[in-house]
Number of protein chains: 2
Amino acid sequence: MSASAHLQKAATNQNNLKPAGAGGVRQRQSLEARHNLIEATIFCLDKFGYADTSIARIQDQAKVSRGALTHHFPSKEELVIATIDSLLEKLLRPSLPSKKLSQTDIVADLRWLARNITGTARGRALSEVLMATRTDKKLSARVSARLTDWNTKLDEAVVGFYASPNGDDDDVRQIWMIARTFMRGLILQQPFTPDPAQIEQAINRFGTLIAPYLETRKRDGVDDAKPL
Amino acid sequence: MSASAHLQKAATNQNNLKPAGAGGVRQRQSLEARHNLIEATIFCLDKFGYADTSIARIQDQAKVSRGALTHHFPSKEELVIATIDSLLEKLLRPSLPSKKLSQTDIVADLRWLARNITGTARGRALSEVLMATRTDKKLSARVSARLTDWNTKLDEAVVGFYASPNGDDDDVRQIWMIARTFMRGLILQQPFTPDPAQIEQAINRFGTLIAPYLETRKRDGVDDAKPL
DNA sequence: TAATACAGAACGATTGTTCTGCTTGTAAAG
DNA sequence: CTTTACAAGCAGAACAATCGTTCTGTATTA
């Protein structure tokens with residue numbers, strides 16, 4: 001039932017109703033199918049956009065039958081919501097970044113942020129869905145709580161990494177909210193400014209705008225996930 | 001043919017092939033029908049989003065027959081492009097703002113900018129189309145030139161209003177490009193931050209971030225349109 | 001009189017959902 | 001350890017509804 005229980009390569013044990021370990025072959029295949037469908041949905045959202053992401057396209061991409069798709073996700077809305085859950089989960093705790101946080105260069109962190117929001121299929125897929133939630137009230141009603149929760153968690157994580165020179169944590173939260181907003185806006189600005197170099201310069205300039213108001217906190221060795 | 005020649009309330013003369021003035025009754029009605037359809041398209045884009053903006057919905061909203069619609073716009077793509085032209089034109093030269101430029105308060109100008117991008121049906125409709133151009137390559141190919149041109153014009157207008165303390169006009173352009181990007185991002189950030197007060201605070205804070213790098217130029221009396 | 005402006009039916013293609021079968025893993029019964 | 005019963009997993013046809021486009025026919029104006 002839980003859409004967020006998946007993806008474990010080893011599939012050692014499911015913390016489901018049954019506490020017993022070693023989920024059966026059946027469950028394993030099922031979770032794998034779900035995972036494939038979600039990944040296919042992300043791919044289609046990124047490549048074709050929300051408007052042209054049909055379930056026919058998704059099942060083609062995932063190479064599963066129509067029956068299998070409708071079995072795991074009885075409606076398109078269920079599939080989209082499961083996809084959103086997957087996106088949020090992965091974006092909050094991304095696979096350990098190759099480089100640790102720069103600790104000194106905020107602009108480098110901003111570039112990492114930009115890549116996560118506009119530079120990956122997952123980030124762009126999320127943007128497509130976010131845009132859709134604006135007008136799709138049914139979808140919005142089902143995911144808005146998740147989104148605000150996610151945003152709050154993010155704020156908490158950010159405060160763990162950065163501090164304000166004047167000690168106001170709320171300002172740190174606000175600055176990073178502005179940063180995220182700016183990064184999301186890049187997707188909509190790109191049609192106007194197709195030159196990647198210009199985009200990168202803007203990111204760098206934005207970094208100089210917010211840098212005076214942020215200090216990196218001393219890290220305590222734990223290689224926690226980066227905040228978005 | 002030119003999709004951008006329309007909307008004139010008085011419909012005095014068309015700078016078309018025929019230089020002769022006083023367009024006939026026929027042409028007048030035709031232009032009005034086109035205008036109605038474009039306005040209906042904007043309405044639907046804002047209310048239903050790009051994905052759910054069908055030509056059936058548009059013709060219902062415009063209260064015209066299917067035949068009339070297909071007569072003026074033989075394909076949906078033509079209608080969308082004409083709508084984009086209309087949006088850009090109106091957003092570049094908006095109807096004379098009630099208040100003149102504040103001349104001193106940059107934050108007030110930013111609020112005006114925010115309203116134009118995220119606070120009006122036209123702004124939101126444009127965002128919907130911008131998002132669609134990301135994946136719709138056919139549409140993108142037909143409007144990208146228009147968008148970049150529009151952006152360039154905007155940059156020129158901005159430099160006419162603002163100056164950099166160190167005299168670098170390019171920095172003014174970049175700062176305002178960042179501002180526009182931030183405003184566009186608000187549409188995608190809203191699902192995370194539904195509280196309007198928080199959005200407004202973020203806009204104000206953003207204003208304090210860029211204010212040190214902008215000076216308002218002395219105006220020469222001309223009440224020109226505001227830059228976006 | 002001839003092109004323009006429009007009305008509306010008809011088109012095939014595609015949308016998302018529902019439905020009927022068939023296979024297969026799994027847990028209980030013998 | 002078998003055997004059996006049953007639900008889960010899945011394949012694919014059928015569904016009405018809607019998509020955008022094309023077509024034929026009629027009225028109006030230049």
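Each chain gets a letter, A, B and so on, in the order the sequences are listed, and its residues count up from 1. What you see is a predicted model; the values in this text were computed from it and never measured.
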Spatial distance of atom CD (Q61(B)) from atom CZ (F48(B)) [nearest 0.5 Å]: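 CZ of F48(B) is found 7.0 Å from CD of Q61(B).
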Rounded to the nearest Å, what distance is computed from the [atom1] atom of residue [X] to the [atom2] atom of nucleotide [N]?
X: D60(B); N: dG20(D); atom1: CG; atom2: P; value: 12 Å
X: H72(B); N: dC6(C); atom1: NE2; atom2: C1'; value: 8 Å
X: K138(B); N: dT21(D); atom1: NZ; atom2: C1'; value: 12 Å
X: F73(B); N: dT22(D); atom1: CZ; atom2: P; value: 16 Å
X: N36(B); N: dA5(C); atom1: CG; atom2: P; value: 15 Å
X: R28(A); N: dG9(D); atom1: CZ; atom2: C1'; value: 16 Å

Does [X] pair with [Y] as a salt bridge, N-O distance under 4.0 Å?
X: D170(B); Y: R173(B); answer: yes
X: R134(B); Y: D46(A); answer: yes
X: R142(B); Y: D136(B); answer: no

Please confirm whether the backbone N or O of Q190(B) pairs with a side-chain atom of T193(B), one donor and one acceptor, at under 3.5 Å?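 The answer is no, because no donor-acceptor pair under 3.5 Å joins these two groups.
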Phosphate OP1/OP2 of dA5(C) contacted by S30(B) side-chain N/O (<4.0 Å):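 Yes, such a contact exists.
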Using a cut-off of less than 4.0 Å, is there contact between a side-chain N or O of H71(B) and OP1 or OP2 of dA5(C)?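 So the side chain of H71(B) is within the cut-off, an N or O lying under 4.0 Å from OP1 or OP2 of dA5(C).
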In 5'-to-3' order, the base (B), backbone-only (S) or no-contact (-) status of each nucleotide in nucleotides 15-25 of chain C, using a 4.0 angstrom heavy-atom cut-off, is SBBB-----BB
Please verify the inter-ring angle class for F206(B) with F206(A); under 30° counts as parallel, over 60° as perpendicular, anything in between as tilted.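 Plane angle under 30°, so parallel.
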